[in-house]
Amino acid sequence: MAHRLGNFIRANSGLFLAGKFDLQQVKPFSAVASAFNNYFGFLTREESERAMLVGSKLRTALGSDLYYLIQVIPNLSRLIHEHSCDIPPNQDDCVDAQQRLQYLFCQFVEVISSCSGLPITLFLDDVQWADSASISIIGQLLKASHSMGKRMRFFFLGTCRYDEMASDHPFWKMIEAVNAFGFKSTLVKLDCMDRDSITRIVSNLLHLSPRLVGTLSDIVYHKTKGNPLFVSKMLLSLNSDGLLRLSLTRHRWEWDEEKIQSTSLPDDVAMFFVQSISTLPVDVKVALVTLSCFGASTEFEVVKAIETDLNLNLIEPLNIAIAEGLVNQLDGKYCFCHDRIHEATYGMIDEEDRCMYHMNFGLSLLSSLSKGGSNSLLFVAVTQVNLGGPSAVQHAETYLQIANCNLTAGKKAMEMSDFSSAFSFFDHGMTFLQKKHWQDQYNLSLELFNLAAKCALAIGDLTSVTMICDEVSRKSRNFDDTLNSSFVLMSALTHSKISEAVKFGLKVLSLLDVDIPRSTSREDTLKLIIQTQSTLHGISDEVLLSYHLFTDYKKAMALKFLAKLESPIHQVNPVLLPFITIKIIQLTIEHGMSPMSAIGFAYFGGMVAELGDIQGGHRYTKLAKALLDKNKCNEIAGEVIFLSAELFSYTEPLQVTNEFRMQGQTTAMAAGDIHWACMNKLMFTWTLLWHGATLSRVKEASTIAGVHNAEKFFEINMPSWHLLSAHAAHAFIGGLASFQIFRETHNPLWALRGEQFQQRINTWKEQGSLWNFESKSFLLHAEQCYSNGNFDLAQVCYESAISSAQHHKFIHEEALASELAAKFFLKIGNNLMALKYFTSAHGAYFKWGAFAK
C-alpha cells in the first residue's frame, strides 16, 4: 500500500523517499539516511540542473556544517563541491550534537522543498525497530513543517508491527509530542483479511466468479488465518506443487480440494518459510543463512568481502534465491523480500552457534578492512563482532583488536552525531577489555570511558554517566586525567541536580587552584568589579584581542568549568556570579585568551551596566562579540549573543539588535544549544513588538517560537538584569500609566512614580541610544507637562515625540503618541487638532496592523 501511494505521489510530481529500519541496524540513522541518500543519487544522475541549484542553496544555508550531513548522507557530497566540507570541524564546539543534527536536517529539508517546490513524503518501514535518534529527527521535521507552512511541505508515513510496539515506545511518544504541537496524525490499523476479502482476491486472481472459488478460499482462509503474506505464499506453493493448476482443456484454473485440505501447513508463516527454504540446495541455504546474520538487507560489498575472505560460494547461490522470490537485489544491496523470510532464515541457526557465526563474519570483515577495504565496512564488521560477544573470542590478542575497533567506530558515529550508536560501540569496547586493562591498556581504557561518558550525557543516560565517571575517578593515574570525565559529570548534574552541580564544579575548581568564595558581601563584590574595571581600563581592546590562545591544559579546563558554571550559579547562588565572571577575566589577562573568555566579558558587561555605566558595559559586550567572531566558539555563542544583545538594546538601534538576536538563535541551533536558541528567539519576538514590526509579523514569530505567555515570562524574571529590554519597556509603559492615573486620581504618588520612570528613560537616552529612547522621552515629557498644566510645552513635546518616532521607524510609538496627543487636544477643547491627530493615529495603527484601533 505504501509503495502504491509512492507511485501515485511520483506520478503527480511529488517527492517520495523510502527507507527501512532493521532489527540489526548497523549504520547510524540507516533508514532516514538511506532514503535521502537514494534521492541524491537519483538527483545527480537524472536532474543535474536541479542538483546544482540544491547544492548551491545548501552551501549558502549551512556552510561548513554540511560536513555533519555528508557523514550521514554520503551522496550529498556529489552536490557539494567544496573541500571545506571535507574537514572535520571541532567536535567539542557543540552543546548537543544530536540537537544540532536535527536542526541541520530541518534546514536541509526546507532547502530541498523550496528548490523543488514539491511536497516531500518520507516513508519508513518497520518503525518498531527505529532508533531513538532517528525518531527524534522525524519528530523535529514534523514540527518544523508545521511551523514553516508552505516553505516546507513534509509528510511522514510509517509502517510497523503494531502488536510488537509497547505503549511507551519512543515512536508513540514522538507522535504524542507532535500532536500536542498542533500536528494532525492518523493511525491506520491493518488487520488480517476476512473470508470475503480472500474470496475476492482468489476470484480476481483466477478470473473465476466468487461462487466457483468459495470452497478454495475457505480452505485458504482457515489455513492462513487471513495473513496476507501467508495467503500469497500458500497460493504460490499450491501452484508449484501442482495442486492449483491451469487446465488447457477447460481453459480455466482447477484444483483438488481434498488434497489441498489434507496438505499439512505450519501454523506460523515463519515456519512455512523454513520448510520452503529447507527444500533448496545446500549452497543456497548456506548463502541465505550467511545473509541473514547481517539483517534484512546487506550491501553487495559485504557479501563479496565475506565470499573472498572465507572462501564461501555466495553470489551464485543468492542468484538462485532471487529467482525463488526470497531475495531481491536493489541499489547495491541484497534484501530479503520480507522480514518474515529473514527471521525464518536466521531462526535456522542454533542459538548456541549464532555468536560464533557473527564473530567469524566480523573478524573476516575486519581483515578486509586491514587490507584496504572500504570504511563503509567498519560499522558492519564491528557490529558483527559485538553480536558475537567476548565469549566467542578464541585468541587473547583479539580482545584488544576488537576494543580498538569499537573505539574507531564510536568516534565515527560521533562524527555522524549518532551518540546512541556511539555509546553502544564504546560500551561494547569496554566489555572486550580484559581484567587488568587499567594497568595494561591505560590510554585505551581512559579514552573509551571518557567518550562513553560524553555519549551517555548526550543521550540523557545520567546513570551511566555517573557510573563511568566514578570508574575514571577511581582508576585514573593522575588528577589531570579525571578532568574530562569530571566536566561531563558536572554537565550531567546541571540537568537534574543543579545545586550539586555547582558544589561539584566549585570543588574541582579549588583542586585546579581556582578558589571562589562561598559567601560575600555587596561591598566586596562592588570593590572587585571596580578593581577589574580599573585593570581593564589600562588595556585597549586591540591588545586584548591580540592575546595569544594559551595552551596550559589545566587553565583551559578551569575556564571550561567557570564558563559552564555561569548560568547554574546565577540560579543557585547569584551573589557568587561576579566572582565566577571576574575569575574568567583574570585568567584571560594572566595567561592569554581562551574560546571561553568571551562569556566572561559578556556577563561582566551586564554587571557594569547594572551599576549605571552603560557605555562601559557596552565596551565589554562588544569585546565579547569580537572574541566570539575571532575564536568561532559555537558552544557558548548563543549565551554570549543573548547577553550582548540585551545591552545592545540600550546602545544600538533595536532593529539592528534584533538581527543580532536572530544570529544568536541560528548559531545556537547549529551548536545544538536549544536553551539559548529559545532565549534568543523569545527576545527576538519581544523586540519585534517594541521596534515597530507589523503585528502580523509579530504574531507569526510568536507562533513559531511558542511564546504566547511572554508577558508572564517577563513578569516573573523582571528583577534579573539579564532582561534589560524588559526593564526599558516596563519603564516606558509604567511612566505613561502613572501620569494617566495621576490625572484621574490627583494622587501625587503617581506623579512621582511617573517622574521616576521618566528619569530612567532620560538616563538611557543620554548614556545609551538616542535612536531607541528619544521618542519615548519626548512622549513621557509631554504627558508630564499635560499632567502639570503646562499645555504649551506639552503640544511641542507631543509633536516632537511623533516626529522622532517617524524618524526612528517606531510606527507603534508614532500611533500611540498621535492618539495621546489627540486625547490631550480633545481635553483642552481643540476639537480640530484632536481630529487631526486621531486621523494620524488611525493611519499609523492601521499600518502597524492594529486593526481593532
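Keep in mind that what you see is a predicted model, and the values were worked out from it rather than measured.
Below 30°, between 30° and 60°, or above 60°: for F156 and F171 the angle between ring planes is between 30° and 60°, a tilted geometry. The aromatic rings of F16 and F123 lie parallel to each other, their planes meeting at an angle below 30°, with 60° marking the opposite boundary.
Checked by atom type, the side-chain pair D131/S134 shows a donor-acceptor distance below 3.5 Å. The closest side-chain donor-acceptor pair between K412 and Q71 falls under 3.5 angstrom. Residues Y334 and E299 have side chains that never bring a donor and an acceptor to within less than 3.5 angstrom of each other. Using a 3.5 Å distance cut-off with no hydrogens or angles, the side chains of Q384 and N386 do not pair a donor with an acceptor. Under the 3.5 Å distance criterion, with hydrogens and angles disregarded, a donor-acceptor pair is assigned to the side chains of S197 and D194. There is a side-chain donor-acceptor pair under 3.5 Å between S217 and T199.
The closest donor-acceptor contact from the side chain of N328 to the backbone of C335 lies at 3.5 Å or more, if one exists at all. Put simply, the side chain of D353 never gets that close to the backbone of I349: no donor and acceptor are under 3.5 Å apart. Here the side chain of N239 pairs a donor or acceptor atom with the backbone of L244 at under 3.5 angstrom. Distance alone, capped at 3.5 Å, is enough to place a donor-acceptor pair between the S240 side chain and the S237 backbone. The backbone N or O of A33 lies less than 3.5 Å from no partner atom in the side chain of N37, so there is not a single donor-acceptor pair. The closest donor-acceptor contact from the side chain of D256 to the backbone of L243 lies at 3.5 Å or more, if one exists at all. Using a distance-only test at 3.5 Å, with no hydrogens or angles considered, no donor-acceptor pair links the side chain of S34 to the main chain of G19. Although no hydrogens or angles enter the test, the distance criterion places a donor-acceptor pair under 3.5 Å between the side chain of T60 and the main chain of S56. Looking only at distances, a side-chain donor or acceptor of T345 sits under 3.5 Å from a matching main-chain atom of I341.
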So N179 and S185, side-chain hydrogen bond (donor to acceptor under 3.5 Å, both in side chains) or not? Walk me through it. CA-CA 7 Å; N179 284 342; S185 63; 2.9 Å; yes

Would you sort out whether C337 and L326 count as a side-chain contact (heavy atoms from CB on, under 4.5 Å), showing the intermediate values? CA-CA 6 Å; C337 291; L326 299 171; 5.6 Å; no

Assess the residue pair E254 and K259 against the criterion (salt bridge (charged side-chain N to carboxylate O under 4.0 Å, His left out)); give the C-alpha distance rounded to whole Å, side-chain angles, the decisive distance to 0.1 Å, and a yes or no. CA-CA 13 Å; E254 60 182 15; K259 288 185 178 181; over 6 Å; no

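Of the inter-residue distances, the one linking T298 atom OG1 with I306 atom CD1 reads 10.0 Å to the nearest 0.5 angstrom. Annotation: the span from H342 atom NE2 to S297 atom OG amounts to 9.0 Å, rounded to 0.5 Å. To the nearest 0.5 Å, atoms CG (L69) and OG (S77) are separated by 12.0 Å.
The shortest distance between side-chain heavy atoms of M174 and S136 does not fall below 4.5 Å. Within the 4.5 Å cutoff, the side chain of Q140 has no heavy atoms near those of the L142 side chain. Looking only at side-chain heavy atoms (C-beta outward), F105 and Q107 stay at 4.5 Å or farther from each other.
The pair D218-R195 meets the salt-bridge criterion, with a side-chain N (NZ, NE, NH1 or NH2) lying under 4.0 Å from an Asp/Glu carboxylate O. Salt-bridge formation is not detected for the pair K285/E324: no Lys NZ or Arg NE/NH1/NH2 atom is positioned less than 4.0 Å from an Asp or Glu carboxylate oxygen. Here E307 pairs with K304 in a salt bridge; the nearest charged N to carboxylate O distance falls below 4.0 Å.
The two residues L365 and A381 have their closest heavy-atom pair at CB-CB, 3.5 Å. The nearest pair of heavy atoms linking H169 to V127 is CE1-O, 3.7 Å. Taking every heavy atom of both residues into account, I73 and F40 meet most closely at CG2-CD1, 4.0 Å. Annotation for I260 and K223: closest pair O-CE, 3.2 Å, computed over non-hydrogen atoms. Shown here for S368 and L377, the closest heavy-atom pair between the two residues is CB-CD1, 4.3 Å. A pairwise comparison of heavy atoms in D168 and K173 identifies O-CE, 3.4 Å as the closest pair.
Checked against the 6.0 Å centroid criterion, the rings of F425 and F379 qualify as a close aromatic pair.
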